[in-house]
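Ligands are counted one by one from 1 in listed order, and the atoms in each one are counted from 1 as well.
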Amino acid sequence: MKLNIAILGGDGIGPEVIAQAVKCLQAVEDNFGHDFTFTEGLIGAAAIDAKGNPIPKETLELCKTSDAILFGAIGTPEYDNDPEAKMRPEDGLLFLRKELDLFANIRPIKIFPALVTNSPIKKEVIAGTDLVIYRELTSGIYFGEKSLSADGKVATDLCKYTEAEISRVAHMAFKAAKKRNGKLTLVDKAHVLETSRLWRKVVTNIAESYPEVELTCMYIDNASMQMSLNPSAFDVILADNMFGDILSAQCNVLIGSSGLLPSASIGTENAMFEPIHGSYPEAKGKDTANPVASILSAALLLNHFGLTEEFNAVVAAVYKSFRKKIVTMDVMGSTKYGTESVGDFIAENIVDVDDNLNINDENIGLGKSTII
Ligand code: IPM
Ligand code: MG
């Protein structure tokens, strides 16, 4: 398959972790006979510095004309600590999501068998956790009108949703639940927010077209508690932009490291793949950041184009790195492996999945849906 992939490393550790994901995609290209072209673009603080714009028009054009986008991370402390900043690196990412209409952000969270003891949550509580969050990504409070009074003492952010915006992501979530374990949890705050009441109404109506799926509605505060108390009870979670952001960050805790979880942002025409973690500026250039979330995001890219074997091969190589303890320090405090060497190991082990299975010393659950 021929694919043009836009590479947006972004800020902080973004470029170094994305470089490992590219390495893995090149290994897939070589081993499975594909033809991928990678073109880099500027975004975030790096783009503000170079072009005075967090998402320069060349980057936007590159993204629009590519088959897929692989995105690293965004944000730097200089802007975080400056409430007066006229432009923010994050604006680049938000603009890109909106402009490309990447309305569904899919965040699969599955406990990796080899890392089960890494979680701060008890093993018996997290064992078997395998869920996926469908987060609405292009509307809600992130994109509503904002205001700041002239005296700088009053600020507002409007949270607005339309039935159509809710409906399109809800259908995707129901379809996923139908293919998985038939359970969908809508997370909202319907006892307080009008937008949440609209979500409930629309989603409850849609549920009638999916009789195989059992719909539960849960308030965000309760969902957040259940995520720590009984995460394996979730199957598919559907949430608005803000609740989905917070709940998926909480999932990093379940996994025991924020460097492991990937995501896919899907629109009508475009698709972008990005790790859930932030730009971790303290680790920039130190060769300590975990490349796995980016590598698994590249795996989701492959899956998106129907390259299932290739997807499984990347996931199998990642699992192998866990079993062999070839991991970065966020996963195992004392390790001699860094970003590059973990990336190298995973890339070198991307082989035909059947060969890899022969040397598996544990059931890594391939064959059924691996991480989605
Ligand atoms: C995420 C991030 C972004 C978000 C930030 C960087 C704007 O936290 O993708 O989860 O809030 O959507
Ligand atoms: Mg987030």
Using heavy atoms and a threshold below 4.0 Å, how should the contact between M242 and ligand 1 be classified: side chain, backbone, both, or neither?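 Neither; nothing of M242 gets under 4.0 Å from ligand 1.
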Around [atom], find the nearest protein heavy atom and jot down its residue, atom name and distance.
{"atom": "atom 10 (O) of ligand 1", "value": "D245 OD1, 2.8 Å"}
{"atom": "atom 9 (O) of ligand 1", "value": "R97 NH2, 2.8 Å"}
{"atom": "atom 6 (C) of ligand 1", "value": "I74 CG2, 3.9 Å"}
{"atom": "atom 11 (O) of ligand 1", "value": "Y142 OH, 2.5 Å"}
{"atom": "atom 7 (C) of ligand 1", "value": "E90 CG, 4.0 Å"}

Is the H171 to Y210 ring centre distance short of 6.0 Å? yes
Report yes or no: is the cationic atom of R135 (NZ for Lys, CZ for Arg) under 6.0 Å from the centre of the six-membered ring of Y142, at an angle within 45° of the ring normal? yes
Tell me, please, whether F345 has K324 positioned over its six-membered ring: NZ or CZ under 6.0 Å from the ring centre and within 45 degrees of its axis? no
Do you know which N/O/S atom name in D245 is closest to the Mg ion (ligand 2)?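 D245's closest N, O or S atom to the Mg ion (ligand 2) is named OD1.
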In ligand 1, which numbered atoms sit nearer than 4.0 Å to a non-hydrogen atom of R107? 1 (C), 9 (O), 10 (O)
Electrostatic pair R197:E194 at N-O distance under 4.0 angstrom: yes
Can you find a non-hydrogen atom of R135 under 4.0 Å from ligand 1? yes
Whether R88 lies under 4.0 Å from ligand 1, heavy atom: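 Not so, R88 does not reach ligand 1.
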What are the two closest non-hydrogen atoms of M87 and N53, and how far apart are they? SD-CA, 4.1 Å
Please tell me whether Y79 and I43 are part of a single hydrophobic cluster in this structure, the criterion being side-chain heavy atoms less than 4.5 Å apart. no
K189 vs H191 side-chain heavy atoms within contact, under 4.5 Å: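 When only atoms from C-beta onward are counted, H191 and K189 do touch, with a gap below 4.5 Å.
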